Amino acid sequence: MAAKEKLVEAITAMDQDFTQWYTDVVLKSELIDYSSVKGCMILRPYGYAIWENIQKNLDNMFKETGHENVAMPMFIPESLLQKEKDHVEGFAPEVAWVTHGGSEKLAERLCIRPTSETLFCDHYSQIIQSWRDLPKLYNQWVSVVRWEKTTRPFLRSTEFYWQEGHTAHATAEEAVEETIRMLNVYADFYRDYLAIPVIKGQKTEKEKFAGAVDTYTVEAMMHDGKALQSATSHYFGDGFARAFEIQYSDKNNKLQYVHQTSWGLSTRSIGAIIMVHGDDNGLVLPPRIAPIQVVIVPIAAHKAGVLDKANELKSELSSSFRVKLDDSDKMPGWKFAEYEMKGVPLRLEIGPRDLEQNQCVAVRRDTGEKTVLKLENLEAEVQRVLDEIHDTLYQRALSSLNSRIYEASDWETMSRMIAEKPGFVRAMWCGDLECELKIKDDLGATSRCMPLEQNSVSSTCVCCGKPATKEVIWGKAY
RNA sequence: CGAGGUGUAGCGCAGUUGGCUAGCGCGCCUGCUUUGGGAGCAGGAUGUCGGGGGUUCGAGUCCCUUCACCUCGACCA
């Protein structure tokens, strides 16, 4: 069929060119458009709706763990940014500066937040006096700006949306506990809402956040075997507290520094959804964050009763699900292809044949499986199928991840794995920066994380052969 | 920021050694018709040829300059 061939051309096949496939999907499914500002993207309604669903569900998890939302300014005075040495060194190269207000040159230039540690710290130094003021468990949903050299939709853009949690605690133990708690929240969120398995781990010294004592990460594997750092959680110790003089009087009336954390998840997670679940027909959205969970396509809508029934189904299902009825005059086949490209988890077809039998035809996006559902008890059936789709997506992603994690105990094996097999390699490391750099320079792989669940692949460093201290997951990353 | 590439209608492209009114497919609009996997017919609209400057009787085409985007590296969520 000629039209079918054209459709195949519309989205580049994954195997043929993965990055082009990604760009095609992102644009054609109308998630984003490029804007006239370099490196900035427009989140279109369909893309923003995904983000809204991510926000809503993740925000609930934050609230359940005792956090409150705030909104900090988007400007940071240069002097404030300068206060923590490592932090400013890490971010200074990629901040945008405001130098004028109207036509007046500012006495002190303001940077547009690349992240808000300094603002939270400054505020905390004002509002924290007593042990009774702790902990402070704040979060904000905002956009930040980082002047990146090259950009890609969702994965790296000049401005991006995220949430950043910033907490202050009385003790190091509490702060460490919070850091791990939020890491687990992210991992659970990825599993339960995005149907994406992640590996929890700690970043190496080289890869950790500017100003952090420890950085934890959840790493996901994309369809092409590359890693995506999917969210991070940082333990700051009292470094920022000392730089910003955030002190409180403890129960013994002694001045103490607070211990802090920060943690973030961005619109990059949408990139993960696309690259983990998508296929050659376009997006495949996990049901719990899909803007449209069920699309109803009437067949022969001009025939008596069809459209009425379709509307009836819509209003019945709308109380429990996000439903769209497409009663436009496009051909049914066009609609099938369109909603498949947009990743709608479940399609219900209702036509004259179904009316007679009091049924509808249900087609799953994840498997393409076509079944007939009776209209009585439809709501429960739809719920069951959506849950099944979620589980299928997760299991599929999990086996894809597991089947592409390899082990290497010597340099030669490691080189071959990285060069020939897209995916992650588990290998031991001595802890020296030199080895980490050599692996990056020679093999093109970076340390993704030191997994929390440590296994011993061998006793010696895969690079230098000296005694190993850590198991590291290596891979090429976005 | 290094190396390479591309800019012509909403999208994808053609446009010969400079030549007349800048074209094709898809999409879009109107009408009829059709509807269980991207329908058909008829009619119609749409361009500062990325921007600026230059050469020329004449520039989409040649020269200079600038901007944007893409791919691969270096850097990050």
Side-chain angles (χ1 to χ4, degrees), chain A residues 1-12 17-20 22-24 27-28 33-41 90-91 93-95 114-115 143-164 186 203 206-210 215 217-220 227-234 262-272 281-282 297-303 306-307 326-341 347-355 359-361 363 368 370 372 440-441 444 446 476-478:
Chain A
M1 191 179 289
K4 190 71 184 170
E5 282 159 27
K6 232 168 259 163
L7 173 64
V8 172
E9 282 171 9
I11 296 177
T12 306
D17 184 343
F18 191 75
T19 57
Q20 191 58 52
Y22 179 80
T23 306
D24 286 351
L27 290 174
K28 286 179 200 297
D33 200 2
Y34 294 109
S35 76
S36 51
V37 184
K38 182 182 166 65
C40 295
M41 62 182 180
F91 282 102
E94 55 181 29
V95 296
T115 179
S143 70
V144 291
V145 168
R146 297 181 188 177
W147 219 257
E148 302 287 354
K149 309 283 198 255
T150 54
T151 58
R152 297 193 53 201
F154 294 118
L155 303 178
R156 185 189 308 136
S157 49
T158 301
E159 181 185 15
F160 61 91
Y161 293 85
W162 73 346
Q163 56 70 217
E164 43 178 328
Y186 288 139
K203 286 291 185 185
K206 172 180 173 298
E207 298 286 331
K208 77 181 192 186
F209 181 83
T215 288
T217 176
V218 291
E219 298 284 324
L228 189 73
Q229 179 175 306
S230 302
T232 46
S233 185
H234 315 290
S262 83
W263 25 275
L265 177 146
S266 73
T267 40
R268 176 178 265 195
S269 55
I270 297 175
N281 290 325
V297 178
I299 308 295
H302 61 288
K303 296 252 173 85
V306 171
L307 211 49
D326 188 344
D327 56 1
S328 71
D329 59 2
K330 301 273 196 203
M331 301 294 290
W334 188 93
K335 294 175 185 174
F336 298 164
E338 176 71 8
Y339 294 105
E340 276 165 16
M341 185 178 70
R347 178 176 80 237
L348 300 181
E349 303 170 22
I350 181 100
R353 287 210 295 267
D354 303 306
L355 287 183
Q359 64 181 32
C360 66
V361 174
V363 184
K370 194 177 268 200
V372 171
K440 186 177 182 187
D441 292 343
T446 52
K476 293 179 178 171
Y478 278 99

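Being a predicted model, the structure only gives us computed values, none of them experimental. Letters A, B, ... are given to chains in the order of the sequence lines, protein chains preceding strands, and every chain is numbered from 1.
When the ring-ring contact (aromatic ring centres under 6.0 Å, His included) test is applied to A:Phe160, the partners found at least two apart in sequence or on another chain are A:Trp162. For A:Glu338, the side-chain contact (heavy atoms from CB on, under 4.5 Å) partners at least two apart in sequence or on another chain are A:Trp334, A:Met341, A:Lys342. With sequence neighbours excluded, no residue forms a salt bridge (Lys or Arg N to Asp or Glu O under 4.0 Å) with A:Glu207. Under the salt bridge (Lys or Arg N to Asp or Glu O under 4.0 Å) criterion, A:Asp354 pairs with no residue at all, not counting sequence neighbours.
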Contact string for nucleotides 72-77 of chain B, one letter per nucleotide 5' to 3', B = base within protein heavy-atom range under 4.0 Å, S = sugar-phosphate only, - = neither, reads SBBBBB
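Going from atom CD of A:Glu349 over to atom P of B:G37 covers 8 Å, rounded to whole Å. A straight line from CE of A:Met341 to C1' of B:C11 spans 12 Å, rounded to a whole angstrom.
Here the side chain of A:Arg347 pairs no donor or acceptor atom with the backbone of A:Val363 at under 3.5 angstrom.
If you check B:C32 for Watson-Crick or wobble pairing at under 3.5 angstrom, you find it paired to B:G40. Figure legend. B:G7 is base-paired to B:C67; pairs are counted as Watson-Crick or G-U wobble with both atom distances under 3.5 Å. Base pairing analysis places B:A45 opposite nothing; no Watson-Crick or G-U wobble pair with both distances below 3.5 Å involves it. The partner of B:G2 is B:C72, judged by Watson-Crick or G-U wobble contacts that both fall below 3.5 Å.
No hydrogens or angles considered: nothing links the side chains of A:Thr217 and A:Gln229 as a donor-acceptor pair under 3.5 Å.
With rounding to the nearest 0.5 Å, the separation of OH in A:Tyr478 from CZ in A:Phe154 is 14.5 Å.
Atom name P, nucleotides B:U8 and B:C70: the rounded distance is 14 Å, in whole Å. Remark: the separation of the P atoms in B:C1 and B:U46 is 42 Å, to the nearest Å. Taking the C1' atoms as reference points, B:C49 lies 24 Å from B:G44, given to the whole Å. B:A14 and B:U30 are spaced 29 Å apart, taking the C1' atom of each and rounding to whole Å. When the P atom is compared between B:A42 and B:G25, the two are found 13 Å apart, to the nearest whole Å. Comparing B:U65 with B:G73, their C1' atoms sit 28 Å apart, to the nearest whole Å. B:C24 sits 27 Å from B:U34 when the C1' atoms are compared, rounded to a whole Å. Look at the C1' atom in both B:G4 and B:C62: the space between them is 23 Å, to the nearest Å.
Residues A:Val95 and A:Val145 have side chains not in contact (no heavy-atom distance under 4.5 Å, counting atoms from C-beta outward). Here the side chains of A:Ile299 and A:Val306 are not in contact, with every heavy-atom distance at 4.5 Å or above.
Just one of A:His234, A:Lys208, A:Lys203 meets the side chain to side chain donor-acceptor pair (under 3.5 Å) condition when paired with A:Thr215; it is A:His234.
Nucleic acid contact for A:Val297: none, since no nucleic acid atom lies under 4.0 Å from a heavy atom of the residue. Note on A:Gly351: a base of the nucleic acid sits closer than 4.0 angstrom, heavy atoms only.
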Between the protein and nucleotides 28-35 of chain B, which nitrogen or oxygen pairs come in under 3.5 angstrom?
from, atom 1, to, atom 2, distance (Å)
B:C28, OP1, A:Lys330, NZ, 2.8
B:U35, O2', A:Ala300, N, 2.8
B:U35, O4, A:His302, ND1, 2.9

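Mapping A:Phe336 and A:Thr23 onto RNA chain B by nearest heavy atom places A:Phe336 closer to the 5' end of the strand.
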